[in-house]
Number of protein chains: 2
Amino acid sequence: MMTQIRKHQPSLTPKLAARRSGAIDVVLDPALFKALADSTRAVLVACIAKCGRGCSVGEVAECCSVDVSVVSRHLALLARAGVLEVSKQGRTVRYQVRYTDVSRSLRALADAIDECGPTSCGARDGGCC
Amino acid sequence: MMTQIRKHQPSLTPKLAARRSGAIDVVLDPALFKALADSTRAVLVACIAKCGRGCSVGEVAECCSVDVSVVSRHLALLARAGVLEVSKQGRTVRYQVRYTDVSRSLRALADAIDECGPTSCGARDGGCC
DNA sequence: CATACACTTGCATGATGACGCAAATACGCA
DNA sequence: TGCGTATTTGCGTCATCATGCAAGTGTATG
């Protein structure tokens, strides 16, 4: 889905054309942003990212002042959103940032926005939306 | 704030060093993501982005099924968040995407994440956070 | 000036979600 | 098997926010 074909093709449906060009409709998915919109989660992600290695729930909980149960819920949410990946070692659960995936998603959105820029698309077919 | 000095300086405070290197603490600001986390706002932003030119509130309201007042509030919020810029022409208010700013913010975060990647930072000074 | 249009704002409502505490589950270890 | 540690889950509460409707503000046009 992220590695779709980019070679030129004639007569694409609008939907496929959108995906192929990384149109902003497809890339601007609120799911990732919902995950990063909470300030506590932002701290947790930054904590794990800086750590580099996988962090246990208890370790991450020391980053902020909220309860461990809250941290556990936040990390599970971030994993579901694709921001983190989980690995279990015995009774400890380690979370790590999906560096390449998150970075790629952000760059895809940045690319889509750049493609929509006034220099590249100008006044299109008139109608708004 | 977006155009801070990037030239090399000796003896930076940690905060300044963080800003200079685009550390994830500073770049991972939930404000932008809060703005894009709502599905209705995502539609509105995509609508304006695809439009290329500035769109009036009424035009954007036709993109989705919510009331014009709701759209007005969403657009004002997005403008406060730095996603959109506003310009008034008579009695119509036009919103446009801050293409370069938003794109730059997203790439800065992607860069910060990449810098935190396991290949580039590995196991740092031991402690998590 | 009166009217119509474009937009904003006040207010009430319902939904979502973050949080803490307590209890439950999972697992290693003696 | 019993205990301690790590994590998850149930539940109640409080805050935030998205939405619609109605009323208000500002501006062009007759």
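Within every chain, numbering begins at 1; the chains are lettered A, B, ... in the order of the sequence lines, protein sequences first and strands thereafter.
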Using only heavy-atom distances, decide whether a donor-acceptor pair under 3.5 angstrom links the side-chain of S69(A) to the base of dC21(C).
-> yes

Q96(B) side-chain N/O to G52(B) backbone N/O, donor-acceptor pair under 3.5 Å | yes

According to a strict under-4.0 Å criterion, is H74(B) in side-chain N/O contact with OP1 or OP2 of dT19(D)?
-> yes

Do R107(A) and D114(B) pass the side chain to side chain contact (heavy atoms under 4.5 Å, CB included) test, and can you show the C-alpha distance, the side-chain angles, and the key distance before you say yes or no?
-> CA-CA 11 Å; R107(A) 290 187 200 282; D114(B) 286 340; 2.6 Å; yes

What is the distance from CG of L75(B) to C1' of dT9(C), rounded to the nearest Å?
-> 15 Å

Which is true for R94(A) with a 4.0 Å heavy-atom rule: it touches a base, it touches only sugar-phosphate, or it touches nothing?
-> nothing

Y99(A) side-chain N/O to A49(A) backbone N/O, donor-acceptor pair under 3.5 Å = yes

Whole angstrom is fine here: how far is it from NZ in K34(A) over to P in dT16(C)?
-> 11 Å

Over how many whole Å does the gap from K88(B) atom NZ to dT27(D) atom P extend?
-> 8 Å

5'-most by nearest nucleotide on DNA chain C - R41(A) or S56(B) = S56(B)

For the base of dG20(D), is there a side-chain donor-acceptor partner from R73(B) under 3.5 Å away?
-> yes

Rounded to whole Å, the CD-C1' distance (E62(B) to dC7(C)) equals 15 Å

Here the distance between atom C1' of dG17(C) and atom CG of L78(A), to the nearest Å, is 14 Å

Give a yes or no on whether a donor-acceptor pair under 3.5 Å exists between the nucleobase atoms of dC7(C), that is its base, and the side chain of R91(B).
-> no

Report yes if a side-chain nitrogen or oxygen of T40(B) is closer than 4.0 Å to either non-bridging phosphate oxygen (OP1 or OP2) of dT19(D); otherwise report no.
-> yes

When you get a sec, tell me which of dT19(D), dC21(C), dT8(C) is the closest nucleotide to the side chain of D38(B)?
-> dT19(D)

Mind checking V66(A) for me? I need base, sugar-phosphate or nothing, with any heavy atom below 4.0 Å counting as a touch.
-> sugar-phosphate

Choose from dC19(C), dA18(C), dC21(D) the nucleotide whose nearest atom is closest to any side-chain atom of D67(B).
-> dC21(D)

Using a 4.0 Å heavy-atom cut-off across all strands, classify V93(B) as base, sugar-phosphate, or nothing.
-> sugar-phosphate

Is the SG of C47(B) found under 2.5 Å away from the SG of C55(B)?
-> no

Starting at the 5' end of DNA chain C, which residue's closest nucleotide do you reach first, V68(A) or G90(A)?
-> V68(A)

Show your reasoning for whether side chain to side chain contact (heavy atoms under 4.5 Å, CB included) applies to L32(B) and L106(B).
-> CA-CA 9 Å; L32(B) 172 63; L106(B) 293 172; 4.2 Å; yes

Between dT7(D) atom P and E59(A) atom CD, what is the distance in whole Å?
-> 8 Å

